[in-house]
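Since the structure comes first, as structure tokens, the remarks are kept for the end.
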Amino acid sequence: MKTFKNYYNSLIHHQKYVAKEFIFETTSLLFVKISPSKVNCYEMSNWGLKDQPMASLYQSHFKLHYWPYKQNRLVRNYLSTVGKFSLNWSHGYRLVTFANGSKSVFFKGMKITYTGRPKRPYPKKQVQESKTALNELRERKNAFQRLYYHRAMAGKRFEAAAVFEDDNKRWRTPKYVDVSQLPMDDVFKLQNVSHRKYIIDHYGIDAILATLDHHVIDSATIRGNPYDLIEVDIPFSNWRDPEVNQKGTYLRMVNPSTSEIHFEGVPNYDKWLARSREKDERDETILSPTVRAALAWRDNETRYAI
DNA sequence: AGGGAGATTATGTACGCCGA
DNA sequence: TCGGCGTACATAATCTCCCT
């Protein structure tokens, strides 16, 4: 397999104008000399030649003009072997990983050396974009690590507070749990739902939610029963900005027969999703920030019918 | 149209650093 | 000295999309 530099040299230094690299029976790259010192590289398939070059080759580097069509694996494999850099998506970012391990977001016309390193300087805008993207990915990872840490610690506290029936069983059910040993907010840290339930039963969901910042968005009385729609700041969420806690919307209601207070989680109100015409997007939100809309969502309706 | 390989994401372990 | 955190490295789960 010849490298970009091989093709560049063979065309520039000889009386040749075109060369073809065969990648797969339906895919090739066509190298065309368009000036005494510049070679364009086009993607070629059964459907013909792309009208825009994928890359332009120069003496010391090449420019990458677009993110290979449909993340074309064969082309990307070729680029990673021959170009010594790789292209990959991560959480919505198009990232280029260079031979020296550094990364940058992709941008049209980025210069890369034949050894697979960035030919700097890159435009300030893209440098900043890369910084932001890489930082977000790092923080996302760190947030998950914090989650695992606190989850494990809460798990240990639970184990210590619990007395188990039979330690040989794969699924151990606690015989007794001294919940008073457990801090209330472990309810947000324990992964096991049935373990969380001990804390909820002990403290009561009302008391737990009362410790959190929350406010009533809407109230309504339906058939004599009072309902509140409340928005709660969820702690320990792995939201990007620790100053901005994630919100959770709950319907608070009173069970008419037992007069127990009951909470039911509903999706947060999202204006944009609510306007969507796609059903599954509309399912991700309540259609308005009201008790009735929340009840309608629960009943899988668009309007609440008593 | 479906299978499956490769790509991406989720989940985790190990370990060292840092400040109280 | 230790709780808490960040990073590197590893593996499992899930998704995408190419190719037959």
key: Contact state string [nucleotides 3-8 of chain C, B base, S sugar-phosphate only, - no protein heavy atom under 4.0 Å]   = SBSSB-

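- The side-chain tip of A:K2 points at the ring of A:Y7 from less than 6.0 angstrom away and within 45° of straight on.
- Look at NZ on A:K156: it is 13 Å from P on C:dC2, rounded to the nearest Å.
- Between A:Y269 and A:S288, the closest heavy-atom pair is CE1-CA, 3.5 Å.
- For A:L95 and B:dT8, the CG to C1' distance is 12 Å, given to the nearest whole Å.
- There is no side-chain donor-acceptor pair under 3.5 Å between A:N135 and A:T132.
- The separation between A:R94 atom CZ and B:dT8 atom P is 13 Å, rounded to whole Å.
- One interatomic measurement links the two molecules: CZ of A:F144 to C1' of B:dT13, which rounds to 16 Å at whole-angstrom precision.
- We find that CH2 of A:W67 is positioned 12 Å from P of B:dA7, with the value rounded to whole Å.
- Note: OH (A:Y78) to C1' (B:dG6) measures 21 Å, nearest angstrom.
- Look at CH2 on A:W89: it is 18 Å from P on C:dC15, rounded to the nearest Å.
- What separates CD of A:Q191 from P of B:dT11 is a distance of 8 Å, to the nearest Å.
- Under the salt bridge (charged side-chain N to carboxylate O under 4.0 Å, His left out) test applied with A:D186, the options A:R196, A:K156, A:R157, A:R151 reduce to a single match, A:R157.
- For A:F62 and A:Y8, the ring centers are positioned 6.0 Å apart or more.
- Put simply, A:R76 has no side-chain N or O that comes within less than 4.0 Å of OP1 or OP2 on B:dG6.
- Checked against A:S56 for a side-chain hydrogen bond (donor to acceptor under 3.5 Å, both in side chains), the options A:K111, A:K63, A:H65 give a single hit: A:H65.
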